[in-house]
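When a ligand or atom number is given, it counts from 1 through the structure's own listing order. In this chain, numbering begins with 1 at the start of the sequence shown.
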Amino acid sequence: RGAVALDQLRVLYQPVVNLDTGQVSGMEALLRWHHPELGAVPPDQFIPLAEEIGLINDIGEWVLQRACRDIRTWIDKGIAVPQVAVNVSSLQLRDHALAEQLKFALAGSRLSADLIRLEVTESALIGDVDRCEVILNALKAVGVGLSLDDFGTGYSSLSYLRRLPFDKVKIDQSFVRDVDANAADTVLVKVIVSMAHHLGLQVVAEGVETEIQCAIMRDHHCDEIQGYLFARPMPADAIEAL
Ligand code: C2E
Ligand code: CA
Ligand code: CA
């Protein structure tokens, strides 16, 4: 609660690169908690707690607002800003306020909705797909992009992909990590890309760290990569310079 009140939350941005053009085609907003003694606390360590104590909606709204304000600053400086992806917790996805929060943040920074993309993990959909479907359709109607995050780690349900209004799939890091050594992972990447493309979805590979992983993703017609090979998550002023 103190982190929010004391303004200790920060948003970093990691670029996403298009494999056809080699250009930065997007970025992902990633939350950090700058604690005076603990340093930068990673989101895995405090988001589950924020969900537990009922803070995640406020934090999620803050991240959306921050991202929209940063985009507005960049546009005002004449920078051609690609789409910015913001992560959404499973609890936010069950709250009808999310679409309103989104519209409010976009309007507050005078942004068109296609500058924002929301990322939802596969596991966030489990349990209440009907309700998630209603909310995802409402978000889609606002005009933002929707990505299915960490694909391959949950049920990898084909019916989710067919039924829900996603336009991008992110292949989880765990498949990318061993893709050069493990033939089964290479086959999975190939199958995910082919399946997604046939359903009209684009594919992003997460956690690409080496040239070899990048080459394999390109050979298998993956659309975009994100990972340390190109750049780590960085503060707003650094991504602005990039
Ligand atoms: P995610 O959405 O899967 O984000 C990708 C994570 O992979 C990020 O970790 C990023 O720093 C890391 N990463 C990127 N490239 C590489 C790479 O080449 N190698 C390796 N080993 N890692 C890489 P991060 O920033 O620690 O975030 C962890 C998770 O926390 C995110 O996973 C996301 O689920 C969650 N998260 C982050 N920001 C937010 C937020 O604003 N709201 C919510 N609800 N969740 C967030
Ligand atoms: Ca994500
Ligand atoms: Ca992910």
Side-chain angles (χ1 to χ4, degrees), residues 3-4 8-17 24 26-34 38-70 83-95 98 101-102 105 116-125 139 144-154 156 166 168-180 192 203-214 216-217 222 224-236 238-239:
V4 177
Q8 291 172 346
L9 297 179
R10 294 287 176 273
V11 172
L12 301 184
Y13 294 93
Q14 186 178 33
V16 176
V17 180
V24 174
M27 47 183 139
E28 179 173 8
L30 293 160
L31 190 60
R32 296 289 181 271
W33 173 10
H34 280 276
L38 302 174
V41 183
D44 295 336
Q45 287 180 28
F46 67 89
I47 287 193
L49 187 62
E51 289 175 333
E52 202 179 301
I53 64 175
L55 264 185
I56 194 65
N57 276 321
D58 287 351
I59 291 180
E61 181 167 25
W62 181 85
V63 175
L64 262 178
Q65 295 266 1
R66 181 73 266 158
C68 286
R69 282 200 296 266
D70 286 341
Q83 204 173 38
V84 177
V86 174
N87 292 286
V88 168
S89 138
S90 64
L91 294 183
Q92 288 173 276
L93 200 63
R94 277 161 182 70
D95 188 338
L98 181 57
Q101 286 178 3
L102 178 62
I116 293 287
R117 155 172 302 283
L118 299 180
E119 295 195 352
V120 175
T121 61
E122 246 191 317
S123 57
L125 303 168
L139 295 168
V144 294
L146 293 175
S147 296
L148 186 54
D149 205 349
D150 300 350
F151 190 74
T153 58
S156 308
F166 292 106
K168 254 184 209 185
V169 169
K170 295 187 88 169
I171 304 181
D172 191 66
Q173 293 186 19
S174 55
F175 298 104
V176 176
R177 195 174 303 133
D178 300 322
V179 79
D180 50 339
I192 293 172
V203 186
V204 189
E206 296 194 289
V208 173
E209 295 183 351
T210 68
E211 289 287 355
I212 296 173
Q213 290 165 352
C214 181
I216 293 173
M217 293 306 154
C222 189
E224 295 174 315
I225 58 156
Q226 181 180 346
Y228 297 167
L229 173 66
F230 186 76
R232 291 186 176 248
M234 57 186 94
I239 195 104

I want to confirm something. Looking only at heavy atoms, which of [options] is nearest to [atom]?
atom                    : options                       : answer
atom 39 (C) of ligand 1 : Ile47, Val63, Leu30           : Ile47
atom 27 (O) of ligand 1 : Ser147, Pro42, Pro43          : Pro43
atom 2 (O) of ligand 1  : Val120, Leu31, Asp149, Ile225 : Asp149

Report the nearest protein non-hydrogen atom to [atom]: residue, atom name, distance rounded to 0.1 Å.
atom                    : result
atom 11 (O) of ligand 1 : Pro233 CG, 3.4 Å
atom 28 (C) of ligand 1 : Asp44 OD1, 3.3 Å
atom 15 (N) of ligand 1 : Gln14 NE2, 3.0 Å
atom 5 (C) of ligand 1  : Glu206 OE2, 3.9 Å
atom 18 (O) of ligand 1 : Tyr228 N, 2.8 Å

Below 4.5 Å, heavy atoms only, C-beta onward: do [X] and [Y] meet side chain to side chain?
X      : Y      : answer
Pro43  : Arg32  : yes
Val204 : Cys222 : no
Leu125 : Leu93  : yes

What pair of heavy atoms forms the shortest contact from [X] to [Y], and how long is it?
X      : Y      : answer
Leu31  : Ile59  : CD2-CG2, 3.6 Å
Gly207 : Gln173 : CA-CG, 3.8 Å
Gly152 : Glu122 : N-OE1, 3.2 Å
Thr121 : Asp150 : CG2-OD2, 3.4 Å

Atoms named by residue and atom, protein N, O or S, within reach of the Ca ion (ligand 2) (under 3.0 Å): Glu28 OE2, Asn87 OD1, Glu119 OE1, Asp149 OD2
Below 4.0 angstrom from a heavy atom of Ser89, which ligand 1 atoms are there? Numbered from 1 as shown, please. 44 (N)
Per-atom contacts of ligand 1 with Gln173, taking only distances under 4.0 Å to non-hydrogen atoms: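 Numbered from 1, ligand 1 contributes 6 (C), 7 (O), 12 (C), 13 (N), 20 (C), 21 (N), 22 (N), 23 (C).
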Do any heavy atoms of [X] fall under 4.0 Å from ligand 1?
X      : answer
Arg232 : no
Glu28  : yes
Gly60  : no

Any non-hydrogen protein atom less than 4.0 Å away from atom 7 (O) of ligand 1: yes
Under 4.0 Å from atom 34 (O) of ligand 1, do we find at least one protein heavy atom?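 So far as the 4.0 Å threshold goes, atom 34 (O) of ligand 1 is out of reach of every protein heavy atom.
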Part of Asp150 with heavy atoms under 4.0 Å of ligand 1, whether side chain, backbone, both or neither: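 The part of Asp150 near ligand 1 is the side chain, not the backbone.
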Contact (N/O only, under 3.5 Å) between [X] and ligand 1:
X      : answer
Asn87  : yes
Glu209 : yes
Gln92  : no

Any side-chain to backbone donor/acceptor pair from Gln45 onto Pro42? Under 3.5 Å, distance only. no
